[in-house]
There are 2 protein chains.
Amino acid sequence: MVKEGDLYWGDALEILPTFPDASFDAIVTDPPYCSGGMTMSERARPASVKYVQSRQQLRWPEFESESMDQNAWMTWTYRWLKECKRVAKDGAPIVIFIDWRQLPLLTTLLQWTGWRWLGVAVWDKTEACRPQMGRFAAQAEFIVWGAKGKLPAKRHVGTLPGVFRYRVEVPGVKLHMTGKPLGLMEDLLRIAEPGGRVLDPFAGSGTTLLAARNLGLQAVGIEASPQYYQIAKGRLQRREETIRL
Amino acid sequence: MVKEGDLYWGDALEILPTFPDASFDAIVTDPPYCSGGMTMSERARPASVKYVQSRQQLRWPEFESESMDQNAWMTWTYRWLKECKRVAKDGAPIVIFIDWRQLPLLTTLLQWTGWRWLGVAVWDKTEACRPQMGRFAAQAEFIVWGAKGKLPAKRHVGTLPGVFRYRVEVPGVKLHMTGKPLGLMEDLLRIAEPGGRVLDPFAGSGTTLLAARNLGLQAVGIEASPQYYQIAKGRLQRREETIRL
DNA sequence: CCCTTCTATGAATCGTGCT
DNA sequence: CAGCACGATTCATAGAAGG
């Protein structure tokens, strides 16, 4: 198994089973949505074609798991949610990014795997990525959250907002095609008990891990793509620099 | 059948069948969510008890259909969605408020009844919601939208945002326990073709109808509660006054 | 009679705006 | 300007019901 510090390179469904039971205080992740189309043929297009506007050269490395049909995505999501539940401590919160098309399926899967569904928070990107005439813009991304059993009555966590307003970052600042703003991830990670151990099984360019460390949390990540594994590793090593990417 | 102008008093499932096919350009509504609890007994409590904090006297007339269990709500929603589809013209948009708990069920029902699901917009109520320690606030309400078939390629509608930020109004300004800000409804109604005919089968205090008329749309509403029917009737009649309630 | 499950009731979170 | 009311909630807990 390849790893560097707390960052693992490999398939989440292969790495997760090597972790002991009840070893994480929170799961925070942004899995592949596989939502680029309602039809199988649209889904089968690679992510770089689905999510990048027409006719510009490839800017992002490909990421896997984006070419599943609805059924494959469902089985796959079921399995990693189940594994995450095993490695989470009782009462641990889980926070998952999802887009509107997959939201109903994800809330169902979350409950099927035994997690308790507690709400839907919103990432307001404040401007439409692609405004369209005559339709509401897809300006929000959704954040499904829940817990393994009940959230403990007394937690050392304050009150948290339910809508987070952050602009999408431009390529160069964001290092993954679907990379999230660092401030957004820091806000979300405040759901975790201070000093706790956080897992991101789909680490991408490592923003969750970086944000976690900024908050004084321990962070463990898994990333399947060799390119993003290298990018995340580099970011974590450079964390001491003052520039916050 | 009791009606006054374009406002009908009665059960939507009884009034809708009296409308002709393909007679509306848009459906915009805020149905009872029936979301107050995950158990049947919790749901069975009247809305004024479920949603209003303890120890204050009854401020709002009760509204019906808020005391259904999940199964009853599902069958009921299926039936009114189906009727709405019949009375909608081809290409007409539908816009429905819902809370996070019922969102997955509503998107399923929308598709089961033959509507095309096109997205989820967000009403961000901004800060004024009940904070909770250690959890994300339930600060947003969700707006499921779609169309009967495809939206026409050429519509006389501009680009619309996907997140709407409006504070919850105080009692006195809002006339229904769950009343929506007038500006919010006006924003949402911009999805309708200018001059079109809009239906709200759960009119409540009539904010949708008022907003529609402010935008120069024809508006038809149905309201089951005699109290809210009177309130909505009064507001529409007073519309000429400059004060916008 | 004890244990489990269900149900009914009310306390409490804090930023904001109104009095 | 201080105080108070308010929120399409959520949860804990006491009491009832059932096996």
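A note on names: the letters A, B, ... follow the listed sequences, proteins ahead of strands, and every chain is numbered from 1. Please read these numbers as outputs of a predicted model, since none were measured by experiment.
- Contact check, Lys180(B) against dA8(D): no side-chain N or O comes under 4.0 Å of OP1 or OP2.
- Taking only side-chain nitrogens and oxygens, Arg167(B) comes nearer than 4.0 Å to OP1 or OP2 of dG17(C).
- Rounded to an integer number of Å, the gap from CE of Met177(B) to C1' of dC6(D) is 13 Å.
- The side-chain heavy atoms of Leu184(A) and Arg167(A), taken from C-beta on, include no pair separated by under 4.5 Å.
- Crowding of Arg86(A) atom CZ: a count of heavy atoms from other residues, nucleotides or ligands under 6.0 Å exceeding 12.
- Here the C1' atom of nucleotide dT16(C) and the OH atom of Tyr166(B) are 19 Å apart, to the nearest Å.
- Each of Pro131(B) and Ala138(B) has a nearest nucleotide on DNA chain D; the 5'-most of these lies closest to Pro131(B).
- For dT10(D), one of the phosphate oxygens OP1 or OP2 lies less than 4.0 angstrom from a side-chain nitrogen or oxygen of Arg101(B).
- Here Tyr33(A) contributes atom OH and Ile98(A) contributes atom CD1; the two are 6.5 Å apart, rounded to the nearest 0.5 Å.
- At whole-Å resolution of the value, CD in Glu141(B) and C1' in dT9(D) are 12 Å apart.
- For the pair Trp73(B) CH2 and dA8(D) P, the computed distance is 18 Å after rounding to whole Å.
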(Q) Run the side chain to side chain contact (heavy atoms under 4.5 Å, CB included) test on Asp200(A) and Thr207(A) for me, step by step, so that the C-alpha distance in whole Å, both residues' side-chain angles and the decisive distance to 0.1 Å come before the verdict. (A) CA-CA 10 Å; Asp200(A) 181 355; Thr207(A) 309; over 6 Å; no

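- For Gln139(B) and dT10(D), the CD to C1' distance is 16 Å, given to the nearest whole Å.
- Applying the Watson-Crick and G-U wobble criteria (two distances, each under 3.5 Å), dT13(C) pairs with nothing in any strand.
- Of the listed nucleotides (dA8(D), dT9(D), dT13(C)), dT9(D) has the atom at the smallest distance from the side chain of Asp99(B).
- Atom CG in Asp124(B) sits roughly 13 Å away from atom P in dA8(D) (whole-Å rounding).
- A distance of about 15 Å separates the C1' atoms of dT16(C) and dC1(D), rounded to the whole Å.
- Not one side-chain nitrogen or oxygen of Lys150(A) sits closer than 4.0 Å to the OP1 or OP2 atom of dT10(D).
- The side chain of Trp100(B) places an N or O atom within less than 4.0 Å of a non-bridging phosphate oxygen (OP1 or OP2) of dT10(D).
- Between Leu184(B) atom CG and dA8(D) atom P there is a gap of 13 Å when expressed in whole angstrom units.
- The cationic group of Lys125(A) lies under 6.0 Å from the six-membered ring centre of Trp123(A) and within 45° of the ring axis, placing it in a cation-pi geometry.
- Of all nucleotides present, none satisfies the Watson-Crick or G-U wobble test against dA8(D) with each distance under 3.5 Å.
- Atom CH2 in Trp145(A) sits roughly 14 Å away from atom P in dT9(D) (whole-Å rounding).
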